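Let me begin by presenting the structure, written as structure tokens, before commenting on it.
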Amino acid sequence: MPELPEVETTVRALRRPLVGRTIMGVRNTWPRHIALPSPEELQERIAGRRILGIDRRGKFLVFTLSEGETLIIHLRMTGHLSVVRADTPVDAHTHTIFRLEDGRELRFRNPRKFGRVYLVRDPQEVLGRLGPEPLEESFTVEALRRRLAGKKRQLKPLLLDQSFIAGVGNIYADEALYYARLHPLRRADTLSDEEVVALHTAIRMVLQMGLEHEGASIDRYVKPDGTRGSMQDVVSVFQRTGATCYRCGTPIERIIAGGRSTHFCPVCQPQEKGT
DNA sequence: ACCGGAGCCTGTTAGC
DNA sequence: TGCTAACAGGCTCCGG
């Protein structure tokens with residue numbers, strides 16, 4: 001499931017083959033893939049646009065195009081982008097294809113069909129409600145403290161909320177809480193100053209670790225070239241239910257928090273009174 | 001402000 | 001061994 005490190009890894013891999021290329025047209029076999037505008041209007045507006053740059057915001061890939069257009073793609077769970085020669089056989093799960101002027105294509109493979117494509121003139125229309133980027137310098141301990149203040153929600157669902165922090169998903173939320181030694185069900189407004197510092201450090205550390213490992217190849221994720229990241233080899237709790245905690249040897253537990261499977265060490269991340 | 005549940009999808013896995 | 005049913009997961013929308 002692509003989260004910040006997986007999306008950033010994808011962006012970095014796509015820059016070389018795509019920046020400077022011109023999109024000649026789009027083919028689509030699953031209209032709901034295209035959130036904005038209509039598939040017909042997408043075809044009209046994107047044809048002839050040049051890709052000027054590719055960036056990431058939260059879990060969104062943001063393609064800055066010529067003529068003031070912005071192409072935005074969200075991979076959701078099973079989305080995968082690759083650049084291949086146009087004569088490469090098309091995979092059964094590839095529903096949207098952008099044809100380039102150099103004889104290659106940007107292909108959006110998306111088995112579960114949750115991914116989305118947007119073409120907008122104002123990126124804020126799609127990205128406007130996202131919270132801060134956790135790896136930017138402006139995301140300070142103080143910034144996190146302010147955002148936690150008055151929040152009565154449990155930490156796990158809060159970390160998954162993209163308007164709270166952009167880019168954190170199930171894997172990195174569990175890992176961050178483990179390193180911060182915080183119970184996933186802990187109420188956000190009960191953290192001590194030291195615990196806020198620990199959470200801030202942990203969030204940035206696990207995301208950085210994910211970047212260095214080029215993502216976690218869990219549940220189908222692979223890089224654009226089809227090779228795997230290695231973050232899955234160094235996770236501490238995610239999907240390690242029943243395996244022993246590397247720190248204390250206690251079996252990792254799995255619970256449902258905010259409707260999401262959640263993994264933690266019951267000894268290293270003790271349940272607080274009243275939570 | 002926050003929570004829970006439904007819905008979107010289909011490959012994988014658990015259970016018979 | 002073969003089949004079906006449940007599950008997973010990011011995100012949005014809805015009702016409480």
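Predicted model only: the values in this text are computed from it and were never measured. Residue numbers start from 1 in every chain, and the chains themselves are labelled A, B, ... in the order their sequence lines are given, proteins ahead of strands.
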Taking atom P of B:dC2 as reference, at what distance in whole Å does atom CG of A:Leu159 sit?
14 Å
Contact class for A:Thr78 (heavy atom, under 4.0 Å): base, sugar-phosphate, or nothing?
nothing
If you compare every side-chain N and O of A:Lys152 against the phosphate oxygens of B:dC3 (OP1, OP2), does one of them come in below 4.0 Å?
no
If a protein heavy atom is under 4.0 Å from the base, mark B; if only from the sugar-phosphate, S; if neither, -; do that for nucleotides 5-10 of chain B going 5' to 3'.
---BBB
Is any side-chain nitrogen or oxygen of A:Gln239 closer than 4.0 Å to OP1 or OP2 of C:dC7?
no
Among A:Met77, A:His33, A:His93, which residue meets the side chain to side chain contact (heavy atoms under 4.5 Å, CB included) test with A:Asn110?
A:His33
Pair A:Glu3-A:Tyr221, side-chain donor/acceptor within less than 3.5 Å
no
Main chain of A:Glu67, side chain of A:Arg121: is a donor-acceptor contact present, judged purely on distance under 3.5 Å?
yes
Please report the shortest heavy-atom distance between A:Leu4 and A:Lys59, naming the atom on each side.
N-CG, 4.4 Å
Using OP1 and OP2 only, check whether a side-chain N or O of A:Gln162 sits under 4.0 Å from C:dC11.
yes
Base, sugar-phosphate or nothing for A:Arg109? Non-hydrogen atoms, less than 4.0 Å.
nothing
Would a distance-only check, ignoring hydrogens and angles, find a side-chain to backbone donor-acceptor pair under 3.5 Å from A:Arg116 to A:Lys113?
yes
Report the distance from atom CG of A:Leu158 to atom P of B:dC3, rounded to the nearest whole Å.
9 Å
Gap between atoms CG and P, on A:Asp161 and B:dA1 respectively (whole Å)
12 Å
Side chain of A:Lys151: nearest nucleotide among C:dA8, B:dC2, C:dG10?
B:dC2
Using distance alone, with no hydrogens and no angle criterion, decide if A:Arg240 and A:Tyr246 have a side-chain donor and acceptor under 3.5 Å apart.
yes
